[in-house]
Number of protein chains: 2
Amino acid sequence: MAATLKDVAKKVGIHPATVSRALNPNTAHLVNAATVTKVRKAAAALNYVPNPMAAGLRTSRSHTIGVVIPDLNNPVFPGMVRGIQDTLSRTGYTPLLVNTDNDPESEAHVIAALSARRVDGFILATARRDHPLLVELSEKFPIVLINRVSESVQLPSVSADDLHGIRLAVEHLYGLGHRSIAHIAGPAWSSSGHERSQAFSKAMRDHELVPARRPVAVTAWNIESAREAALRLLADNPTVTAIVSANDQIALGAIAAAKTLKRRCPRDLSVVGYNDMPLMDLVDPPLTTVRVPQHDIGAESARLMLSLLVEEGSTPIKQVRLTPELIIRSSTAPPRGTS
Amino acid sequence: MAATLKDVAKKVGIHPATVSRALNPNTAHLVNAATVTKVRKAAAALNYVPNPMAAGLRTSRSHTIGVVIPDLNNPVFPGMVRGIQDTLSRTGYTPLLVNTDNDPESEAHVIAALSARRVDGFILATARRDHPLLVELSEKFPIVLINRVSESVQLPSVSADDLHGIRLAVEHLYGLGHRSIAHIAGPAWSSSGHERSQAFSKAMRDHELVPARRPVAVTAWNIESAREAALRLLADNPTVTAIVSANDQIALGAIAAAKTLKRRCPRDLSVVGYNDMPLMDLVDPPLTTVRVPQHDIGAESARLMLSLLVEEGSTPIKQVRLTPELIIRSSTAPPRGTS
DNA sequence: CCTGTTATCGCAATCGATTGCAATACGTGG
DNA sequence: CCACGTATTGCAATCGATTGCGATAACAGG
């Protein structure tokens, strides 16, 4: 059905090998300029499209990249995925997208499936702190970590500068007059959650503030778990006037918790989110949050991956940090009793 | 590096062809049961993983499905995509996901790219009414339409029963006492928008109501465009007390418009959305909307595609309609002046 | 004991592109 | 006029799995 190299060769009257070389930018210099144009024309006329399976079989490179994310339904990820898709597709690579639902076992499954598909590399957005898979995987494949850095192995990564982002949140609250600021951290197994928690401690110390007596973390990255955590937090520390959340879902959960305790946000409790995922400007109240450049993170990770694929090992490991930005909306206000 | 059929064959002491047959469930009956088990064991020992490029080259089937959606950032789509992924992956197929940004030219591009990748079929979520590509594409590939049905060609499709869904919305408003109900339609080029608009007219007629004088449609599926449309609508028809929107974004835009006109929702204006995308329970006010089973739509479309792939043409064209459900929240209320 | 099945398995071609190597032609300097 | 370098192209092997066809053996019936 579809035209092959041989068809093009026959039409021009030359050997398929020459056609292959003529059509490949890397080898086109090996072939006479005149024949190159003839080949190009013939290929276009037959609308020849190279068969990636044949090429892949021979070269053992599939021009696909495995993209592993926890869950596409979590609104933070589509932005990053778009960033990846947009820049990968412009170079002939195709992302293969899978979800893990934050389940290590499921992650092992999908990674095995992607290896079976012979992906050329992995972009991983699954941020567990204890991640044994990572080491052995990194020996077999180029890897770029997204939204986190690795503790065990030194690996290329792209993420937001959480230290800076969390500091922005704390400074904002401090500036409003808050002194009793608490943090609701991500799950214990989460690497990004851990990092932001550390960042919070540091920012508080820098302002000579002390965090809430008992640190609180969610058990899963979802609103309901966050609501429970916030309830615990507010019960333990009734004087808390502001909360810095490890992500937007947690902030939403905190606001929900406040509501059930008849504390209104922001009048009685200020809440800051993290990520600025879609629709955060339309929730009630519009969420003050730290915007991380989701699309850029994705795009940059793809670019990093592409460079790994050509530079062939010799590259020094790059860890990119993109700077987030504070978006002030209506979930934060001066604490009660402030003029 | 990786083990091949030949390696397994050598280990068992038989010909690669036999190994191939033994490992393929469709041909395993051609080979002695005892050797099958020996082959299986050897394959496991060498942890042999078949090379999909080699297989694909020979069989010219890639076991990949092109999934074309307008924009992953639109929160309605991730749910459907998950549905597709979840059911495809369980059968060894891999979805290749691309975005069109609702641009026909970009759509042509991505479809060409997917054809180049030799996908086995397409699941299309791009719902233009005038869609010339569709016809020629449907001659070369199995196609499943998602979230729409085709007007020009008869094609397999999976979508919500919009007639029913819109009727639920109208009935709900009617039941609350509304009589002056308007519709804000999707873009003129959109097939799903058109269908819902028709459904609205029908539902109104069935209740012996007349729609707003001048029909209003957005120019794009986004909040800002919807806000403008709603502004126009409310200027033309100040007596309108309720709006049925073609999707949730439009509903959010309508609420925003009401806000700028100092009309509060739901006190002065009731608004109902469509789709029930994530976070619609947390916006201000929580949105009454028609929930379409996003995950199920995706899953069903994948199942349909798989059946097309095996049944090989003989199937009667199936058009699946899933029934939506009204989710009543706080953006709807009885009109002013009702006790 | 012979013939016709049936069950198993091997052979070899094939899918389409890539690439190391060889071959040819053409020029140039000596 | 010759040796040698360069530019261009052809040849053929190769990647790994699949599959039509033929070969062999075992087995049943007559």
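Labels below follow one simple rule: chain letters A, B, ... track the order of the sequence lines, proteins then strands, and each chain is numbered from 1.
In this model, a donor atom of one side chain and an acceptor atom of the other lie less than 3.5 Å apart for B:D86 and B:H295. Under 3.5 Å, the side chains of A:D103 and A:H109 contain no donor-acceptor pair of N or O atoms. A donor atom on one side chain and an acceptor atom on the other are found under 3.5 Å apart for A:H131 and A:R148.
Partner A:L5 forms a side-chain contact (heavy atoms from CB on, under 4.5 Å) with one of A:T18, A:N51, A:V19 and no other, that one being A:V19. Of the listed residues (A:T100, A:T126, A:N99), just one forms a side chain to side chain donor-acceptor pair (under 3.5 Å) with A:E107, and that residue is A:T126. Partner A:L155 forms a side-chain contact (heavy atoms from CB on, under 4.5 Å) with one of A:L137, A:I317, A:L134 and no other, that one being A:L134.
Here the P atom of nucleotide C:dC15 and the NZ atom of A:K6 are 6 Å apart, to the nearest Å. Following rounding to the nearest Å, B:R118 (CZ) and C:dA17 (C1') show an atom-to-atom distance of 11 Å. Whole-Å rounding puts the B:L57 CG to D:dA17 P distance at 12 Å. As rounded to whole Å, 13 Å separates atom P of D:dG10 from atom CG of A:L30. Here C:dG16 presents its P atom at 15 Å from CZ of B:R61, a figure rounded to the nearest Å. Residue A:L5 contributes atom CG, which lies 15 Å from atom P of D:dT9 at whole-angstrom precision.
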Pair B:S159-B:R321, side chain to side chain donor-acceptor pair (under 3.5 Å): steps then yes or no: CA-CA 5 Å; B:S159 56; B:R321 289 280 187 182; 3.2 Å; yes

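Taking the side-chain hydrogen bond (donor to acceptor under 3.5 Å, both in side chains) definition, one finds that A:D296 meets it with nothing, sequence neighbours left out.
For the segment residues 7-25 of chain B, residues with any heavy atom less than 4.0 angstrom from an atom of DNA chain D are, sorted by number, B:A17, B:S20, B:R21. For DNA chain D, no neighbouring residue in residues 42-54 of chain A is found when judged by any heavy atom under 4.0 Å.
Note on A:T35: a side-chain N or O is less than 4.0 Å away from OP1 or OP2 of D:dT9.
B:S60 comes within 4.0 angstrom of no nucleic acid atom, judged by non-hydrogen atoms across all strands.
With A:R128 contributing its side chain and A:N102 its backbone, the two residues share a donor-acceptor pair below 3.5 Å.
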